[in-house]
Amino acid sequence: MANKLHLITYGCQMNEYDSERVAGLLRERDYELTTDEREADVILLNTCAIREKAEDKVFSKLGELKRLKAARPDLVIGVMGCMAQLQQENVLRRAPSVDLVFGSPAIARVGELVERARRERRPVLDTAEAPLVKITAKAAGAERLKAFVTVMEGCEKHCTFCVVPRTRGRERSHTPEAIVAEIEGLVAEGCREVTLLGQTVNAYGRDLTPPTDLAELFHRVNDVEGLARIRFTTSNPYNLTPTLIRAMREVPKVCEWFHLPLQSGSDRILERMNRGYTRARYLELVEALREAEPAMAFSTDIIVGFPGETDEDFEATVEMIERVGYDNVFVFRYSRRPGTPAAAMPDQIPDAVKAARNGRLLEVVQRVTAARGGLLAGRTMEVLVDGTSRKSPGELAGRTRCNRVVNFDGQGQVAVGDVIHVLVTDVLPHSLRGALATPEEAVCWSR
Ligand code: SAH
Ligand code: F3S
């Protein structure tokens, strides 16, 4: 009988991608996935360390699993990913029921590591650096319409608040050949949209010989027949080049959606964060991108309550959100991460102030994103059909190139995976409603 693996994934899209590789590698060793932790022989938690809360969640889950382990001592519990890399032995100290701790560089060896943990009956720890390998193994039934593809690992930016350079190591890019081959394989199984992943994806390729860049990669991925759309995340404004901006316009499959983390709208705070740009520079980039592609939608990440953030700094952030006019904003309360320079800064902000700023910002974000959504009413937009509507199963659902959800009545006329056109009839807070339209009715919309 096959062994059973239960896999719990926390955190970002890169972790989701890694989890699929792990499931695939263990499948080759006769492990099949189960959604029921009680019947698992091995439970792996793929963890995130970006904020303290993410780690708390994992420790509380490990606390729960302790009981399962007490009842079934042969159960193997493993902690992998960023928190494993950051905390290492601390995980074992705080959660003695854990048998295995390994960071992302060790993923390629997961099969051996799990076997060792099962055999040796004492904790196994592997958080060493290792060369980058492209793992092509996939979980059973992983064929799908949209897929993530990691194109680079690591980050060397050293923003003062961030643990990623410690958890994910140096910047290392996969070769364009390996990436294109992976995407061709996905498309052969029905994939129509890929999201190219990297912590600073727009720094892609500069470590390769010969060096290359994301713009060049766009062109190569664009040539994959059968693929409809290319997305990418996450970009750092510091590395945004005119070449990439041009490619956003020139490469047809690249969608008009740009995730460009701002973090703060105050120059003083940006400097303390070591972000490498000013608000004026950021606005210039937004302007250049909208000039290249008027339909460009922007999303961003904001941290509230960074050490030393005054009311005035915070107001500068509010003002930037209004000025840029984002389609989506992710707001985070600053979290002190071990070993980062900002954690040692003296003027930490009280939780109550962070909470108040967080609340205020969410109100602003709701207003700004709703206004952006309002601009879409009456427009005909390209939609990739990806399933049925969550609320009314009689309807189909899809996403626009600018990443908004659209529900429409198209049963019997179009199928999942089709790229079609929809006339937007209603703009709701979290989705659009529309009716099937012909491409001739489509007009590119501008600000
Ligand atoms: N590479 C990306 C960031 C990846 S981390 C970039 O260049 O911006 C994802 C988001 O988590 C960040 O954009 C930031 O907003 C948030 N984040 C990172 N560290 C944080 C911390 N210590 N506290 C709160 N939020 C944090
Ligand atoms: Fe983190 Fe800054 Fe890199 S936010 S991932 S150190 S670009």
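For ligands, and for the atoms within them, numbers begin at 1 and follow the listed sequence. Index from 1, following the sequence.
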Salt-bridge present ([X], [Y]; N to O < 4.0 Å):
{"X": "Arg272", "Y": "Asp347", "answer": "yes"}
{"X": "Arg168", "Y": "Glu153", "answer": "yes"}
{"X": "Glu271", "Y": "Arg268", "answer": "no"}
{"X": "Glu20", "Y": "Arg27", "answer": "no"}

Just by distance, do the side chain of [X] and the backbone of [Y] share a donor-acceptor pair under 3.5 Å?
{"X": "Arg404", "Y": "Ser431", "result": "no"}
{"X": "Arg231", "Y": "Arg229", "result": "no"}
{"X": "Lys69", "Y": "Leu75", "result": "yes"}

Tell me, which protein residue and heavy-atom name are nearest [atom], and how many Å apart are they?
{"atom": "atom 5 (S) of ligand 1", "answer": "Ile50 CD1, 3.5 Å"}
{"atom": "atom 10 (C) of ligand 1", "answer": "Asp301 OD2, 3.5 Å"}
{"atom": "atom 26 (C) of ligand 1", "answer": "Arg51 NH1, 3.4 Å"}
{"atom": "atom 23 (N) of ligand 1", "answer": "Ser335 N, 2.9 Å"}
{"atom": "atom 14 (C) of ligand 1", "answer": "Gln263 OE1, 3.4 Å"}
{"atom": "atom 19 (N) of ligand 1", "answer": "Phe161 CD1, 3.3 Å"}
{"atom": "atom 1 (Fe) of ligand 2", "answer": "Cys162 SG, 2.3 Å"}
{"atom": "atom 2 (Fe) of ligand 2", "answer": "Cys159 SG, 2.3 Å"}

Does [X] reach ligand 1 with a nitrogen or oxygen that is under 3.5 Å from one of the ligand's nitrogen or oxygen atoms?
{"X": "Thr200", "answer": "no"}
{"X": "Arg337", "answer": "no"}
{"X": "Thr234", "answer": "no"}

Are [X] and [Y] in a cation-pi contact, defined as NZ or CZ under 6.0 Å from the six-membered ring centre and within 45° of the axis?
{"X": "Arg51", "Y": "Phe332", "value": "yes"}
{"X": "Arg21", "Y": "Tyr17", "value": "yes"}
{"X": "Arg94", "Y": "Phe59", "value": "yes"}

For Arg29 and Tyr31, does a side-chain donor sit closer than 3.5 Å to a side-chain acceptor?
-> no
Going by distance alone, is a donor N or O of one side chain under 3.5 Å from an acceptor N or O of the other, for Ser173 and Asp207?
->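 Yes - a donor-acceptor pair under 3.5 Å links their side chains.
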At under 4.0 Å between heavy atoms, which part of [X] makes contact with ligand 2: side chain, backbone, both or neither?
{"X": "Cys155", "value": "side chain"}
{"X": "Arg275", "value": "side chain"}
{"X": "Pro165", "value": "side chain"}

Give the intermediate values and the outcome of ring-ring contact (aromatic ring centres under 6.0 Å, His included) for residues Phe232 and Tyr204.
-> CA-CA 11 Å; Phe232 58 101; Tyr204 170 77; over 10 Å; no
Only heavy atoms of [X], strictly under 4.0 Å: list the atoms of ligand 2 that pass.
{"X": "Asn236", "answer": "7 (S)"}
{"X": "His158", "answer": "6 (S)"}
{"X": "Val164", "answer": "5 (S)"}
{"X": "Phe161", "answer": "4 (S)"}
{"X": "Thr200", "answer": "7 (S)"}

Which bit of [X] is near ligand 1, meaning a heavy atom under 4.0 Å away: side chain, backbone, both or neither?
{"X": "Phe332", "answer": "side chain"}
{"X": "Gln199", "answer": "both"}
{"X": "Pro261", "answer": "side chain"}
{"X": "Lys53", "answer": "neither"}

For Lys138 and Glu182, run salt bridge (Lys or Arg N to Asp or Glu O under 4.0 Å): C-alpha distance rounded to whole Å, both residues' side-chain angles, the deciding distance at 0.1 Å, then the answer.
-> CA-CA 11 Å; Lys138 281 203 304 274; Glu182 178 173 357; over 6 Å; no
Is there a side chain to side chain donor-acceptor pair (under 3.5 Å) between Asn328 and His259 once you walk through the steps?
-> CA-CA 9 Å; Asn328 203 359; His259 183 67; over 6 Å; no
Going by the order shown, which atoms of ligand 1 are within less than 4.0 Å of some heavy atom of Asn236?
->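 Taking each heavy atom of Asn236 in turn, ligand 1 has 7 (O) under 4.0 Å.
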Under 4.0 Å from any heavy atom of Tyr334, which atoms of ligand 1 are there?
->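 Those atoms are 23 (N), 24 (C).
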With a 4.0 Å cut-off on heavy atoms, is [X] touching ligand 1?
{"X": "Arg333", "result": "yes"}
{"X": "Val164", "result": "no"}
{"X": "Arg275", "result": "yes"}

Should Tyr238 be listed as contacting ligand 2, given a heavy-atom distance under 4.0 Å as the test?
-> no
Quick one: does Cys162's side chain get under 4.5 Å of Ile50's, heavy atoms only?
->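 Yes, their side chains come closer than 4.5 Å.
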Evaluate salt bridge (Lys or Arg N to Asp or Glu O under 4.0 Å) for Glu319 paired with Arg279, printing each intermediate quantity in order.
-> CA-CA 11 Å; Glu319 207 257 332; Arg279 58 186 272 136; 2.4 Å; yes
